[in-house]
Amino acid sequence: MNAFIILNYNTWELTIRCVESIFETCKHDYTIYIVDNGSLNDSYQNLKQQFKDRKNVIVIQSENLGYARGNNMGIRQAIKDGHEFITIANNDVIFLEESVDRMCSFLEKNPDVAVAAPYILSPEGELQNLPSLKPISTSDYFLYNTKLSNFASAKRKRQYHLDYYLTGDSIKDDPIPVYKFSGCCFMARGEMLEKIGWFDEHTFLYYEEDILSHKMYKAGYKAYYLPEAKIVHHHGLTTGKDNLFVDTEMLKSEMYFLSKIYQLNVFLLFVIYIDRALTPILKKLKRKYNLTFKEYLAFFRKTWSHFVKLI
């Protein structure tokens with residue numbers, strides 16, 4: 001039996017739309033666990049009222065614990081209730097016809113696979129969030145995931161993407177083994193999540209799937225990308241795209257991932273930290289958001305303090 005875990009933070013209308021897409025498309029038995037992650041509005045009350053007559057929808061009220069801890073709360077309850085498969089879904093996801101059933105059927109037919117990940121479309125119908133095929137080497141992470149990439153040729157950048165990521169041209173109908181999948185939606189075996197320690201609760205937001213994927217890889221678990229299981233992801237509707245909070249949490253989570261999971265040395269970590277610490281300034285110069293010196297100083301102090309604790 002399948003369980004859905006959906007986090008809600010203030011955007012209860014999106015959550016209702018996501019849940020209704022499950023009602024419309026999923027034919028397997030399921031329970032939906034909505035974790036209201038400390039919303040500052042009437043989300044919890046609205047969701048309770050909306051689904052009061054649905055016995056297979058459980059709304060859980062929580063303080064704002066972040067993505068990992070909030071999802072873990074729902075996952076633990078679902079496993080306690082006897083669910084074998086756990087579908088993690090952002091509330092800005094819309095499930096399309098047969099998407100859930102195809103992921104569920106694939107896991108049922110392939111007991112050696114721990115995760116089934118869907119084909120993700122933007123609202124405009126464009127392919128997004130392509131999975132990666134293998135861990136990125138330390139040198140390539142440093143060269144192609146920092147501002148040093150500006151000095152790489154277009155040919156070398158293209159080869160980098162071909163080496164590590166799926167491309168639209170390479171995707172047919174058959175399932176594809178992958179290393180890292182998108183955290184916006186995937187179906188996993190509850191047993192696997194228990195064994196590797198759930199989502200890592202050292203992060204508040206971002207890099208959860210990077211950490212989970214690498215732990216799975218190290219433990220020998222398999223993940224597959226299913227091109228015929230399609231969803232739509234309205235990316236950025238929950239957290240927003242460009243703001244200082246996003247940059248702060250993304251930097252903190254990346255530093256944790258690189259130091260504790262990828263185990264980069266201190267010198268490389270420091271260089272990458274400085275690279276990321278420049279991001280808010282560059283965004284201000286590009287007028288993506290306003291930024292005062294006081295705000296940037298607070299950002300730097302918070303992220304630097306976190307960085308020092310990690311090393």
Would D210 and I261 count as a side-chain contact (heavy atoms from CB on, under 4.5 Å) if you check the C-alpha gap in whole Å, the side-chain angles of each, and the deciding distance to 0.1 Å?
-> CA-CA 9 Å; D210 299 76; I261 309 300; over 6 Å; no

Would you call R17 and E13 a salt bridge, taking side-chain N to carboxylate O under 4.0 Å as the test?
-> no

Side-chain donor-acceptor pair present, N8, S43, cut-off under 3.5 Å | yes

Check whether any side-chain heavy atom of Y207 lies under 4.5 Å from a side-chain heavy atom of M250, and answer yes or no.
-> yes

Measure from the ring center of F299 to the ring center of Y296 and say whether it is less than 6.0 Å.
-> yes

Group every Ile, Leu, Val, Met, Phe, Trp and Tyr by side-chain heavy-atom contacts under 4.5 Å, then state whether I58 and I22 land in the same group.
-> no

Taking all non-hydrogen atoms of both residues, which atom of W198 and which atom of L212 are closest, and how far apart?
-> O-CD1, 4.2 Å

Just wondering, are more than 12 heavy atoms of other shown residues or ligands nearer than 6.0 Å to NZ in K195?
-> no

Looking just at side-chain N and O atoms, do Y164 and D140 make a donor-acceptor pair shorter than 3.5 Å?
-> yes

Any L264 side-chain heavy atom under 4.5 Å of I272 side chain | yes

Is L148 linked to F270 within one hydrophobic cluster, defined over Ile, Leu, Val, Met, Phe, Trp and Tyr using a side-chain heavy-atom separation of less than 4.5 Å?
-> yes

For the pair K252 and E249, find out whether any cationic side-chain nitrogen is under 4.0 Å from an anionic carboxylate oxygen.
-> yes

Does any non-hydrogen side-chain atom of L47 lie less than 4.5 Å from one of V19?
-> no

Kindly give the heavy-atom pair with the smallest separation between N37 and Y67, and that separation in Å.
-> ND2-N, 4.4 Å

Do you know which two heavy atoms are closest between P177 and L133, and how far apart they sit?
-> O-CD2, 4.0 Å

Would you mind checking if D200 and K260 are paired as a salt bridge, meaning a charged N to carboxylate O distance below 4.0 Å?
-> no

Result of checking F85, F4, F95 against Y30 for ring pair (Phe, Tyr, Trp, His ring centres under 6.0 Å) | F4

Should the heavy atoms of other residues, nucleotides or ligands under 6.0 Å from CZ of F23 be counted, would the total exceed 12?
-> yes

Apply the test ring-ring contact (aromatic ring centres under 6.0 Å, His included) to residues H306 and F204: give CA-CA distance (whole Å), side-chain angles for both, the deciding distance (0.1 Å), then the verdict.
-> CA-CA 12 Å; H306 182 265; F204 185 82; over 10 Å; no

Would you find a donor on one side and an acceptor on the other, under 3.5 Å apart, between the side chain of K222 and the backbone of D112?
-> no

Between the side chain of R102 and the main-chain N/O of E228, is any donor-acceptor distance below 3.5 Å?
-> yes

State, yes or no, whether a side-chain contact exists between S39 and Y44 at a heavy-atom distance under 4.5 Å.
-> no

Nearest 0.5 Å, what's the CZ-CG distance between R189 and L107?
-> 5.0 Å

Flag, side chain of S21 to backbone of C18, donor-acceptor distance under 3.5 Å | yes

Non-hydrogen side-chain atoms of K284 and I281 separated by less than 4.5 Å = no

Give the C-alpha distance, both sets of side-chain angles, the deciding distance and a yes or no for side-chain contact (heavy atoms from CB on, under 4.5 Å) between V246 and Y206.
-> CA-CA 9 Å; V246 167; Y206 302 114; 3.3 Å; yes

Pair V57-I34, side-chain contact (heavy atoms from CB on, under 4.5 Å): steps then yes or no | CA-CA 7 Å; V57 179; I34 302 171; 3.9 Å; yes

Connected via hydrophobic side-chain network under 4.5 Å: L7 and I120 = no

How about D81 and Q77: does a side-chain donor come under 3.5 Å of a side-chain acceptor?
-> yes

What closest approach, in Å, do S62 and M73 show between heavy atoms, and which atom pair accounts for it?
-> OG-CE, 3.6 Å

Verify side-chain contact (heavy atoms from CB on, under 4.5 Å) between V35 and L65, making sure each step is shown before the conclusion.
-> CA-CA 10 Å; V35 180; L65 301 173; over 6 Å; no

Quick one: pull up CG in N90 and CG in L14 and give me the separation to the nearest 0.5 Å.
-> 10.5 Å

Do K27 and E97 meet the salt-bridge criterion of a basic N to acidic O distance under 4.0 Å?
-> yes

According to a 4.5 Å side-chain heavy-atom criterion applied to Ile, Leu, Val, Met, Phe, Trp and Tyr, with indirect links allowed, do V115 and L193 form part of one hydrophobic cluster?
-> yes

Does K147 reach the main-chain N or O of D275 with its side chain, forming a donor-acceptor pair under 3.5 Å?
-> yes

Distance, nearest 0.5 Å, that separates CG of N129 from SG of C184 | 5.0 Å

According to the interplanar angle, ranging from 0 to 90°, do the rings of Y160 and Y165 count as parallel (below 30°), tilted (30 to 60°) or perpendicular (above 60°)?
-> perpendicular

Answer whether the closest heavy-atom distance between the side chains of L269 and I311 falls below 4.5 Å.
-> yes

Measuring from Y141:OH to T138:OG1, what's the distance to the nearest 0.5 Å?
-> 10.5 Å

What's the spacing between N2 CG and E84 CD if we round to 0.5 Å?
-> 9.5 Å

Using a cut-off of 6.0 Å, state whether more than 12 heavy atoms not belonging to Y217 lie near its atom OH.
-> no

N290 atom CG, neighbour heavy-atom count above 12 within 6.0 Å = no

Where do D163 and Q159 land on the side-chain hydrogen bond (donor to acceptor under 3.5 Å, both in side chains) test, with the steps shown first?
-> CA-CA 6 Å; D163 287 344; Q159 189 58 52; 2.8 Å; yes

Heavy-atom side-chain contact between D36 and W12 under 4.5 Å | no

Check the surroundings of atom NZ in K302: do more than 12 heavy atoms from other residues, nucleotides or ligands lie under 6.0 Å from it?
-> no

Non-hydrogen side-chain atoms of I171 and Y119 separated by less than 4.5 Å = yes

Looking only at atom types and distance, does a side-chain atom of D101 sit under 3.5 Å from a main-chain N or O of H28, one as donor and one as acceptor?
-> yes

Describe, in one word, how the ring planes of F257 and Y262 are oriented to each other, choosing from parallel (under 30°), tilted (30 to 60°) and perpendicular (over 60°).
-> tilted

Between I5 and I75, which heavy-atom pair has the shortest distance, and what is it?
-> CD1-N, 3.8 Å

More than 12 heavy atoms from other groups under 6.0 Å of NZ on K134 | yes

Can N91 and T11 be counted as having a side-chain donor-acceptor contact under 3.5 angstrom?
-> yes

Is a side-chain N or O of N243 found less than 3.5 angstrom from the main chain of F245, in a donor-acceptor match?
-> yes

Scanning both residues in full, the closest heavy-atom pair of M216 with I196 reads CG-CD1, 3.9 Å

If only atom types and distance count, is the side chain of S253 paired as donor or acceptor with the main-chain N or O of L205 below 3.5 Å?
-> yes

Rounded to the nearest 0.5 Å, what separation is found between the CG atom of L40 and the CG atom of N10?
-> 5.0 Å

Between the side chain of N265 and the main-chain N/O of L268, is any donor-acceptor distance below 3.5 Å?
-> yes

Looking at K283 and E295, does any basic side-chain N land under 4.0 Å from a carboxylate oxygen?
-> no

Is V93 reachable from V59 through a run of I, L, V, M, F, W or Y residues, each pair having side-chain heavy atoms under 4.5 Å apart?
-> yes

Knowing that exactly one of Y256, Y273, F300 qualifies, which makes a ring pair (Phe, Tyr, Trp, His ring centres under 6.0 Å) with F307?
-> Y273

